[in-house]
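Throughout, protein chains are lettered first and strands after them, A, B, ... in sequence-line order, and every chain is numbered starting at 1. All values below were derived from every heavy atom in this structure, side-chain atoms included, with hydrogens, water molecules and symmetry-related copies excluded.
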2 protein chains.
Amino acid sequence: MASAAPAGSRRRGLGRPTIADVAALAGVGAITVSRALRSPELVSETLRRQIDKAVRDLAYVPDLNARALASKRTDVLGVLVPSLSHTVFTDVLRGVYDGVDGTKLQVQVGNTRYDPHEEERLVASFLRHKPAAMIVSGVDQTPAARAMLENAGCPVVQIMDVTDDPIQLCIGFRHDEAGRLMTEHLIAQGYRRIAFISGWMSIRSTGRLRGYRKALADAGLTEPCLTHSLSREELTRLAAMSEPGVPPFLEFSRPSLGREMFRRALASAPDLDAVFCNNDSLALGVLFECLAQGIDVPRDMGVAGFNDLDFTDACSPSLSSVRTHRYRNGYAAVTAVRQLMDGSYEGPNVVDLGVEIAARRSTQRCVGDVA
Amino acid sequence: MASAAPAGSRRRGLGRPTIADVAALAGVGAITVSRALRSPELVSETLRRQIDKAVRDLAYVPDLNARALASKRTDVLGVLVPSLSHTVFTDVLRGVYDGVDGTKLQVQVGNTRYDPHEEERLVASFLRHKPAAMIVSGVDQTPAARAMLENAGCPVVQIMDVTDDPIQLCIGFRHDEAGRLMTEHLIAQGYRRIAFISGWMSIRSTGRLRGYRKALADAGLTEPCLTHSLSREELTRLAAMSEPGVPPFLEFSRPSLGREMFRRALASAPDLDAVFCNNDSLALGVLFECLAQGIDVPRDMGVAGFNDLDFTDACSPSLSSVRTHRYRNGYAAVTAVRQLMDGSYEGPNVVDLGVEIAARRSTQRCVGDVA
DNA sequence: CTGTTAGCGCGTTCAC
DNA sequence: GTGAACGCGCTAACAG
């Protein structure tokens with residue numbers, strides 16, 4: 001018998017047909033089946049036809065684990081993001097998915113949950129599967145994770161931030177510059193007492209804060225009321241209030257938190273005339289709080305968000321924000337990965353996608369300055 | 001040499017240490033290393049110590065593909081969702097991730113993009129990796145996908161909907177009932193001319209619509225203006241307007257679309273007194289449109305959403321919605337999976353998590369009826 | 001263009 | 001408690 005699972009065998013497969021079964025049925029060698037499946041052009045028309053039939057008749061499905069073991073490679077594109085609850089990263093993922101369309105690449109998403117150690121574990125875990133390439137978010141991997149990625153032997157692209165010292169290639173934008181640009185926009189619109197509001201500071205948020213401070217300093221202004229982080233007790237309280245397992249960083253972008261933090265900012269700096277929010281959800285809350293308090297936006301209070309989510313233009317007044325190219329970032333990362341894989345990549349190893357100020361009504365104090 | 005990669009070999013590994021290298025260094029058999037790694041309690045203290053040292057010295061990392069091939073199993077929990085852009089499913093995923101915490105299970109997410117054929121492909125693809133279990137969204141898999149899942153030989157849980165005929169086990173809630181409950185709530189609040197607004201109808205949306213219609217019929221009311229779907233041309237136009245690759249269903253939940261569809265509904269039924277939106281984003285748009293038009297909510301117009309996203313309670317007026325237990329659904333699915341894996345599952349094979357009406361100000365026409 | 005041979009790295013089986 | 005042998009299903013290398 002040519003069957004792969006002789007009855008007397010000490011170990012049997014799951015009963016699923018193997019490549020040997022197909023080969024036997026088609027009357028060819030196993031390797032020919034293998035080739036017919038992966039590079040049909042290398043196999044003669046006749047044999048290919050017989051093989052295809054046998055494959056169909058047996059409902060043969062190649063075992064990817066065996067393939068990976070034998071060939072030492074897979075078509076898995078590992079993508080690590082810090083959160084799946086933030087539009088920011090799901091937008092990136094859409095770009096990634098679109099980028100791999102029509103490709104052999106299989107996307108596999110890992111959620112680091114903003115935990116560097118979880119990221120490290122995931123890097124190790126993904127690398128064990130010998131991925132075709134890796135895309136990781138941010139540029140602040142732990143030394144261990146970085147070392148693993150450097151030795152991964154596959155293309156590695158860092159996204160959503162830039163650094164002078166990428167693991168291999170990084171494509172993203174400068175958060176400090178983004179923060180600076182929006183603050184300068186607010187200043188240009190005549191706002192002077194500008195607060196920065198944030199629930200939780202990721203490494204990237206800190207960059208935006210830096211840019212905000214620089215812009216203020218350059219304009220000779222001071223920070224009226226900087227509420228950039230919640231106390232530990234508040235953090236715990238919020239966590240307790242939420243469904244078990246809801247990570248704090250999600251809570252920290254809630255509109256209701258925006259309302260609360262805006263109230264606080266106003267209490268400690270009653271002469272506030274603008275708020276730069278670390279994300280659009282917080283800004284939405286500020287907008288509603290102004291509405292509830294009868295504060296006129298943009299006349300008495302400028303409100304700006306970050307990320308330019310889909311609701312910014314539907315607000316009333318529409319909400320100014322910082323447009324980051326998240327979809328494009330994901331797409332570009334995959335494009336680069338593919339080029340790195342076939343050796344055709346020729347771009348620089350640091351790519352800055354830039355950001356744009358989406359100036360809308362919520363910061364339009366100077367008439368005629370905004371579309 | 002006992003090394004796994006003799007210099008003269010025709011095929012070499014990647015140079016990475018193998019279990020044989022560890023065994024050689026520790027002076028034991030390969031199998032003992034294998035055991036020490038997976039079931040330390042079966043190996044004597046002394047050997048375990050030597051092995052651990054060797055593992056560390058060589059920075060040995062087990063090859064998961066080889067392990068999977070030899071053992072015919074993995075610790076991968078495959079999770080298929082129709083979208084990563086909707087909070088709905090990312091909430092589910094949080095539940096899933098929290099559920100596997102402290103477990104050997106490795107979550108692997110697949111994005112079907114609301115395409116049954118893509119789902120079918122993904123099912124096939126995931127199953128080839130011999131996952132420990134699968135969690136799939138909805139109950140409307142293609143016959144082929146269903147057949148594959150039935151023969152997968154691993155626990156399979158369907159979520160976010162219920163059916164009398166699950167593949168194996170399904171945990172979710174009834175969308176028709178959800179639609180009915182919210183409509184009844186609106187009726188109880190004195191609204192009579194209630195429109196249902198939706199940009200795009202998924203299978204689950206259709207269920208909600210069914211419930212809405214039933215509630216109206218039961219109350220002897222008619223549908224004033226049902227704008228439940230966009231024309232094909234509009235669909236194309238919207239797609240063209242958006243960034244390449246932005247799937248229509250995303251566009252279809254935009255607040256700006258809510259504004260637009262509300263204007264239309266109002267145009268064809270000026271006596272409209274309430275709007276039940278298929279999701280909260282649309283409802284947010286309706287809220288802003290009312291604000292812009294000077295329509296008093298809830299007095300002159302009741303506005304209800306669906307899903308109860310995080311911004312509903314921060315709106316002004318706060319937005320009524322249907323609370324679905326997405327996080328809990330993900331968590332429960334994993335719990336069930338784990339029990340199915342060790343044979344301890346004893347629940348029914350259809351679990352209805354139910355929904356709740358989150359009654360807030362935007363539908364509070366009858367004073368005192370809402371908290 | 002096709003087949004043969006020899007593994008890929010690990011876990012199962014069975015014996016000690 | 002430990003180890004030797006064998007095989008999981010597939011593909012790289014080389015020969016024809």
Side-chain angles (χ1 to χ4, degrees), chain A residues 2-24 26-51 55 58 60-75 128-130, chain B residues 2-24 26-51 55 58 60-75 128-130:
Chain A
S3 172
S9 169
R10 285 196 310 161
R11 282 170 76 189
R12 294 200 36 142
L14 259 39
R16 265 181 26 183
T18 73
I19 202 170
D21 296 320
V22 177
V28 300
I31 188 63
T32 308
V33 176
S34 175
R35 273 198 278 257
L37 258 32
R38 291 172 303 141
S39 327
E41 69 277 9
L42 296 182
V43 177
S44 72
E45 183 72 24
T46 349
L47 287 190
R48 202 166 48 203
R49 219 183 292 281
Q50 297 172 35
I51 291 169
V55 164
L58 294 174
Y60 167 71
V61 180
D63 182 321
L64 294 187
N65 293 127
R67 175 176 290 179
L69 177 58
S71 67
K72 300 192 172 318
R73 40 175 254 86
T74 65
D75 293 320
R128 291 184 191 190
H129 283 293
K130 303 203 181 84
Chain B
S3 171
S9 170
R10 284 198 310 160
R11 279 171 82 186
R12 295 201 33 143
L14 261 39
R16 262 179 33 180
T18 74
I19 203 171
D21 295 320
V22 177
V28 300
I31 187 58
T32 309
V33 176
S34 176
R35 274 199 277 257
L37 258 33
R38 291 173 304 140
S39 325
E41 69 277 11
L42 297 181
V43 176
S44 70
E45 181 74 22
T46 348
L47 286 191
R48 202 167 47 205
R49 216 184 292 282
Q50 297 172 35
I51 291 170
V55 166
L58 294 174
Y60 167 71
V61 181
D63 182 321
L64 294 187
N65 294 126
R67 174 175 292 179
L69 178 58
S71 67
K72 301 192 172 319
R73 39 175 258 89
T74 65
D75 293 320
R128 291 183 190 190
H129 284 293
K130 305 204 180 80

Between D/dT11, D/dC10, C/dT2, spot the one nearest the side chain of A/P62, thanks.
D/dC10
Contact summary for B/R128 and A/N65, nearest pair of heavy atoms:
O-OD1, 4.2 Å
Rounded distance (Å) that lies between atom C1' of C/dC8 and atom CG of A/L64:
16 Å
Think B/R67 has a side-chain N or O under 4.0 angstrom from the OP1 or OP2 of C/dC8?
no
Mind calculating the distance between NE2 (B/H129) and P (D/dG9) to the nearest angstrom?
16 Å
Starting at CD1 of B/I19 and ending at C1' of D/dT2, how long is that distance when rounded to a whole Å?
14 Å
Looking at the side chain of A/D63, which of D/dA12, D/dT2, D/dC10 is the nearest nucleotide?
D/dC10
On DNA chain D, compare the nucleotides closest to B/L42 and B/A66; which residue's is nearer the 5' end?
B/L42
Looking only at non-hydrogen atoms, find the nearest pair between B/A30 and B/I19 and report the distance.
O-CD1, 3.6 Å
Closest nucleotide among D/dC10, C/dC10, C/dC8 to the A/T18 side chain
D/dC10
N/O donor-acceptor pair under 3.5 Å between B/R48 side chain and B/P40 backbone
yes
Under 4.0 Å: is that the gap between some side-chain N or O of A/S34 and OP1 or OP2 of D/dC10?
no
A/A30 side-chain proximity, nearest of D/dT11, C/dG11, D/dC10
D/dT11
What is the separation between atom CD1 on B/I51 and atom P on D/dG3, rounded to the nearest whole Å?
8 Å
Using atom CG of A/D21 as one end and atom C1' of D/dC8 as the other, report the distance to the nearest whole Å.
13 Å
Checking B/V43 against B/T32 for the side-chain contact (heavy atoms from CB on, under 4.5 Å) test, could you report, in this order, the C-alpha distance in whole Å, the side-chain angles of both residues, the deciding distance, and whether it holds?
CA-CA 7 Å; B/V43 176; B/T32 309; 4.1 Å; yes
Nucleotide of C/dG11, D/dG9, D/dT2 approaching B/A70 most closely (side-chain heavy atoms)
C/dG11
Do B/R67 and B/R38 come close enough that some side-chain heavy atom pair is under 4.5 Å?
yes
Note: for B/A68 and A/R35 on DNA chain C, the residue whose nearest nucleotide lies more 5' is A/R35
D/dG1 OP1/OP2 closer than 4.0 Å to side-chain N/O of B/S44:
no
Checking contacts here: which listed nucleotide (C/dT2, D/dA12, C/dG11) is nearest the side-chain heavy atoms of A/S71?
D/dA12
Residue pair B/V55, B/L37: steps toward the side-chain contact (heavy atoms from CB on, under 4.5 Å) verdict:
CA-CA 9 Å; B/V55 166; B/L37 258 33; 4.2 Å; yes
Check this one for me: any side-chain N or O of B/K72 less than 4.0 Å away from OP1 or OP2 of D/dG9?
yes
Rounded to whole angstrom units, what separation is found between the CG atom of B/L37 and the P atom of D/dT2?
14 Å
Nearest to the side chain of B/Y60 - C/dC10, C/dG3, D/dG3?
C/dC10
CD1 of B/I31 versus C1' of D/dG7: gap in Å, rounded?
13 Å
Take atom CG of A/L47 and atom P of C/dC1, then tell me their distance rounded to the nearest Å.
11 Å
